[in-house]
Every structure is written in C-alpha cells, then in structure tokens.
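Heads up, the thing below is written out as structure tokens.
Residue numbers begin at 1 in each chain, while the letters A, B, ... track the order of the sequences.
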Amino acid sequence: MKDAHDDRSFEHDVYDVVRAIPSGRVTSYGAIAKVLGATRASRRVGWVLNKSFGKQPAVPAHRVVNRLGMLTGAIHFPADRPMAEQLVAEGVVIENDTVVDFEAVFWDPMTEL
DNA sequence: CATCTGACCTAGT
DNA sequence: AACTAGGCCAGAT
C-alpha cells in the first residue's frame, strides 16, 4: 500500500465539500482547507480544484472564491464556461469579478456541513 | 537538478 | 491596526 498520507484523500475530501455547496452559495479556499484540518493549505485546495474540470460527478468549482469574494480562479476557467456566468445563472450577483453581498451568500462548510 | 511560482491564508511582529 | 514572513505541495522553467 501507499503511505498513510494518501494524497487522494485530500483531493476526494475537497471535491466532497465543494459538491456539498448549495446552488446560489459560495465558499472560500480557506474555509475548505480549515474544515479539512489543513488550515494553511489553502493553496493546495486551489490546485486540487484545477484538476476538478471534467470530473464526474461534476465539481462546482465556480462556487469557490477567495476570502475577499473575488473570482481569482476565473482566469483558469474554460472560456466557454466563465465562472461568473455560472454563478450569475445560479442567482449570485457578480460585479467586477467580485461577489456582491459576499457574506450573505457565503456558505461555511464548517458550520453548515 | 535547483529555483520559483501559484485558484490562498494564518500567524507573528 | 498594518506589514512581513512563513507555510503547503506540486508543476513549470
């Protein structure tokens, strides 16, 4: 077997949390990292989400923004499927690549999950 | 092979 | 309260 520290465990865990985000809500990388027990591993969360494209079931990575509510990951999204567009389609108001009323639509996996 | 960067955040000064 | 440095881990150069 592999090491006790299974990298896929983290991946799967991230996907699990992200998929649990309700439509019309958003969360942050830090919140996910924290609920996973890796408070400072927020960067890793972003990298994991990078591989989430084309995953089945689909991972709503567009519902994950940074702590300030900015769509920092939008630059890495496919042009056919802009992050903001998907969020708007779910009822989230986006302005200048930033979530409007971020705290209102914020979904904390630690509290809600 | 060594160094740096990157969907970020927390802790320390 | 503002700023700096550190951490996390893998891909890219």
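- C:dG11 atom C1' lies 12 Å from atom NE2 of A:H76, rounded to whole Å.
- Nucleotide B:dT5 holds its P atom 15 Å from the CD1 atom of A:I75, rounded to whole Å.
- The NZ-C1' distance, from A:K55 to B:dA7, rounds to 16 Å in whole Å.
- Across all strands, A:R67 comes closer than 4.0 Å only to sugar-phosphate atoms, never to a base (heavy-atom distances).
- With B:dA7, B:dC8, C:dC9 as the candidates, the nucleotide lying closest to the side chain of A:N66 is B:dC8.
- Counting non-hydrogen atoms under 4.0 angstrom, A:N50 reaches a base of the nucleic acid.
- The interatomic distance linking A:M70 (CE) with B:dG6 (C1') rounds to 16 Å, in whole Å.
- More than 12 non-hydrogen atoms from other residues, nucleotides or ligands lie less than 6.0 angstrom from CZ of A:R19.
- As a whole-Å value, the separation of A:L36 CG from C:dC8 C1' is 13 Å.
- Side-chain contact between A:R63 and A:R25: absent, with no pair of heavy atoms (C-beta onward) separated by less than 4.5 Å.
- When the P atom is used for both B:dC1 and C:dC9, the distance is 22 Å, rounded to whole Å.
- Between A:K34 and A:G73, the one whose closest nucleotide on DNA chain B sits nearer the 5' end is A:G73.
- Taking atom C1' on both nucleotides, C:dT4 is separated from B:dA7 by 23 Å, rounded to a whole Å.
- With rounding to the nearest 0.5 angstrom, the CE atom of A:M83 is 3.5 Å from the CZ atom of A:F77.
- Considering only side-chain atoms of A:T72, the nucleotide from B:dC9, B:dA7, C:dG7 that sits closest is B:dA7.
- Between the CZ atom of A:R40 and the P atom of C:dA5 there is a distance of 17 Å, rounded to whole Å.
- Distance check: A:I32 CD1 to A:D16 CG gives 11.0 Å after rounding to the nearest 0.5 Å.
- From A:N66, atom CG reaches atom OG of A:S42 across 10.5 Å, with rounding to the nearest 0.5 Å.
- Side-chain atoms of A:W47 lie closest to C:dA10 of the nucleotides B:dT10, B:dA7, C:dA10.
- Rounded to whole angstrom, the span from the CZ atom of A:F102 across to the P atom of B:dC8 amounts to 13 Å.
- Put simply, CZ on A:R43 is 10 Å from C1' on B:dC4, counting in whole angstrom units.
- Side-chain N/O atoms of A:R44 include one lying less than 4.0 angstrom from OP1 or OP2 on C:dC9.
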